[in-house]
Amino acid sequence: MHKRIYLSSPTMHGLEMKFIKEAFDSNWVAPLGKNVDEFEKEMAAFIGVQHAAALVSGTAALHLAVKLCGVKPGDVVLCSDLTFSATVNPVSYEGGVQVFVDSERDTWNMDPAALERAFEKYPHPKAVIVANLYGTPSKLEEIKAICDAHDVPLIEDAAESLGATYRGKQTGTFGKYSALSYNGNKIITTSGGGMFLSNDEAAVKKVRFWATQSRDPAPHYQHSEIGYNYRMSNIVAGIGRGQLVYLNDHIQKKKQIYETYKQAFKDLPVSMNPHTADSEPNYWLSCMLIDKEYTKVTYQQIMEALLHENIESRPIWKPMHLQPVFQHNDFITVDKDTDVGGDIFSRGLCLPSDIKITEDEQARVISIIKGFFK
Ligand SMILES: *Cc1c(COP(=O)(O)O)cnc(C)c1O
């Protein structure tokens with residue numbers, strides 16, 4: 001049996017240990033400390049936002065963003081439909097109600113036209129949450145313009161798109177509040193962790209306050225609000241500082257993997273996950289989409305054949321409007337017969353995009369897939 005080929009696994013470089021060791025040597029093996037402060041500063045400078053707060057997860061960052069928007073029980077939040085459930089679960093943590101907005105075909109992300117329709121039906125949502133799927137920027141300026149016109153805050157879920165740019169600007173800068181993730185499978189990892197980003201200093205201060213148990217400035221333990229234990233540890237932040245140095249290197253390798261698939265599949269009834277000409281993804285995951293007219297092969301068959309060869313692949317995120325837990329939530333599409341997210345889910349497959357994949361290994365993956373289209 002060949003060695004397993006992963007979808008996307010952590011890649012450590014050694015530099016991470018230097019920062020961890022510094023934390024040990026100074027005995028700052030605690031939440032907060034120099035690595036946390038520096039990681040926040042380094043990441044904010046890289047992205048081009050003024051403030052960052054390092055947290056235990058991307059989900060925690062999204063939760064506090066939703067809380068900052070003042071979501072209360074029964075409030076509507078317009079959300080990306082084709083995404084991981086972590087994008088939208090925090091709305092439920094605050095008792096809000098997700099309304100899902102369909103995708104467009106140019107990026108697979110939230111369709112600005114469907115968002116306009118959602119605003120017609122729900123003129124006063126508390127927030128809009130947009131995710132940049134698989135490292136591909138959404139049509140962020142269009143979406144932000146619609147939110148601004150309605151005076152509704154945009155939350156950008158950039159968990160998968162760290163380092164990607166839209167019209168020359170980093171993702172994570174378009175939301176009033178944005179979230180990053182450093183989970184194990186993301187483009188850089190701290191083993192687990194996330195970050196809240198904003199240009200609003202007061203908002204970031206509030207996030208730090210909530211994330212450290214909402215301790216009032218008093219000599220004794222005093223609380224005027226419910227708090228959370230959401231802060232990143234100084235050890236974990238050390239891993240992040242080491243990883244950040246290699247982010248561009250990771251993106252270059254991911255892009256190479258994507259371009260290799262694209263070239264190999266150019267004569268097959270298959271396309272790759274698309275992006276607009278004015279954006280540069282981070283190519284976190286390469287995904288294939290089988291042409292609609294080509295009905296002889298399903299993504300499940302390809303996934304099974306790859307697994308048989310010890311190769312990991314994964315279905316596209318199952319859209320939120322098809323999830324049992326959200327069966328009673330509304331779903332807004334551009335017209336009544338369209339379901340772009342459901343269609344992509346039915347024909348798409350995420351391919352091995354691990355940056356440690358060798359040329360030979362990727363050639364094996366490609367040859368197994370090509371075998372289905374003879
Ligand atoms: C990974 C991910 C998250 C959550 O990040 P965690 O750090 O795992 O909590 C949120 N949204 C999307 C789109 C993700 O892929």
Side-chain angles (χ1 to χ4, degrees), residues 5-16 19 39-49 52 58 83-84 106-109 130-140 156-175 178-195 197 239-264 272-288 312 314 350-359 361-362 365:
I5 301 176
Y6 290 99
L7 192 78
S8 183
S9 72
T11 303
M12 292 293 133
H13 302 275
L15 180 62
E16 298 85 355
F19 295 110
F39 188 34
E40 288 175 345
K41 278 191 210 137
E42 288 160 6
M43 190 59 74
F46 174 82
I47 303 240
V49 289
T83 186
F84 181 42
D106 301 336
T107 72
W108 297 4
N109 291 309
V130 65
N132 302 312
L133 209 65
Y134 301 129
T136 300
S138 308
K139 294 179 176 174
L140 288 162
E156 187 185 356
D157 178 354
E160 299 181 2
S161 66
L162 173 58
T165 57
Y166 183 72
R167 296 181 182 163
K169 272 182 70 186
Q170 288 282 328
T171 61
T173 60
F174 292 87
S178 302
L180 300 176
S181 168
Y182 311 115
N183 192 27
N185 60 357
K186 299 286 155 63
I187 193 139
I188 62 168
T189 181
T190 61
S191 72
M195 214 170 252
L197 308 173
I239 305 176
R241 291 182 73 194
Q243 285 269 292
L244 179 54
V245 175
Y246 292 93
L247 173 59
N248 282 328
D249 181 51
H250 288 195
I251 293 172
Q252 287 322 306
K253 292 199 168 110
K254 293 272 190 189
K255 183 171 183 177
Q256 178 65 46
I257 291 167
Y258 177 91
E259 296 296 345
T260 302
Y261 282 127
K262 189 166 180 160
Q263 178 66 22
M272 296 296 292
N273 47 330
H275 57 90
T276 57
D278 53 6
S279 71
E280 180 64 17
N282 71 5
Y283 301 94
W284 173 55
L285 287 190
S286 291
C287 311
M288 64 181 272
E312 188 185 11
R314 188 165 73 186
C350 304
L351 300 175
S353 309
D354 195 83
I355 59 178
K356 295 176 293 315
I357 197 171
T358 64
E359 277 178 33
E361 286 172 333
Q362 194 177 1
V365 175

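Along the sequence shown, residues carry numbers from 1. Everything numeric here is computed off the predicted structure, so don't read it as measured data.
Closest heavy-atom contact between L140 and E156: CD1-OE2, 3.6 Å. Minimum heavy-atom separation, P352 to I5: CB-CG2, 3.8 Å. Smallest separation of non-hydrogen atoms from Q170 and T165: NE2-CG2, 3.6 Å. Minimum interatomic distance between S8 and K254 (heavy atoms only, all atoms of both residues): OG-NZ, 3.1 Å. Nearest heavy-atom pair across G172 and L197 is O-CD1, 3.8 Å. Annotation for T83 and A131: closest pair OG1-CB, 3.5 Å, computed over non-hydrogen atoms.
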Tell me, with the steps shown, if K253 and D249 meet side chain to side chain contact (heavy atoms under 4.5 Å, CB included). CA-CA 6 Å; K253 292 199 168 110; D249 181 51; 3.4 Å; yes

Run K186 and L180 through side chain to side chain contact (heavy atoms under 4.5 Å, CB included) and show every step you take. CA-CA 10 Å; K186 299 286 155 63; L180 300 176; over 6 Å; no

One pair to check against salt bridge (charged side-chain N to carboxylate O under 4.0 Å, His left out): K255 and E280. What are the steps and the verdict? CA-CA 10 Å; K255 183 171 183 177; E280 180 64 17; 3.1 Å; yes

Could you walk me through whether Q243 and T189 pass the side chain to side chain contact (heavy atoms under 4.5 Å, CB included) check? CA-CA 7 Å; Q243 285 269 292; T189 181; 3.8 Å; yes

Any chance you could lay out the side chain to side chain contact (heavy atoms under 4.5 Å, CB included) test for Q256 and Y283, step after step, and finish with the verdict? CA-CA 9 Å; Q256 178 65 46; Y283 301 94; over 6 Å; no

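Ring planes of Y246 and H13: parallel class, angle under 30° (limits at 30 and 60°). In this pair, Y166 and F174 present their aromatic rings perpendicular. The plane angle is above 60°, beyond the 30 to 60° band. By the 30° and 60° cut-offs, the orientation of the rings of W284 relative to Y134 is parallel.
For the residue pair N132 and S138, a side-chain donor N or O sits within less than 3.5 Å of a side-chain acceptor on the partner. Side-chain N/O atoms of K139 and T107 include no donor and acceptor closer than 3.5 Å. Side-chain contact annotation: D354 with S9, donor-acceptor N/O pair under 3.5 Å present.
Between W108 and C287, some side-chain heavy-atom pair lies under the 4.5 Å cut-off. Between L162 and F46 there is a side-chain heavy-atom pair separated by less than 4.5 Å. I188 is listed as a side-chain neighbour of M43, based on a closest heavy-atom distance under 4.5 Å. The closest side-chain heavy-atom distance from M288 to Y261 is not below 4.5 Å. For the pair L285/R314, a side-chain contact is recorded, criterion being any heavy-atom separation below 4.5 Å from C-beta on.
Separation of atoms CD1 (I257) and NZ (K262) is listed at 15.5 Å; rounding is to 0.5 Å. The CD1 atom of I239 lies 9.5 Å from the CZ atom of F39; values are rounded to the nearest 0.5 Å. Atoms CG and SG, on N273 and C350 in that order, are 8.0 Å from each other to the nearest 0.5 Å. The OG1 atom of T11 sits 9.5 Å away from the CD atom of E16 when rounded to the nearest 0.5 Å. E160 contributes atom CD, which lies 5.5 Å from atom CG of L133 (distance to the nearest 0.5 angstrom).
The neighbour count for Y6 OH, taken as heavy atoms of other residues, nucleotides or ligands under 6.0 Å away, does not exceed 12. The environment of NZ in K169 is crowded: more than 12 heavy-atom neighbours from other residues, nucleotides or ligands sit within 6.0 Å.
Without hydrogens or angle criteria, S161 side chain to T171 main chain gives no donor-acceptor distance under 3.5 Å.
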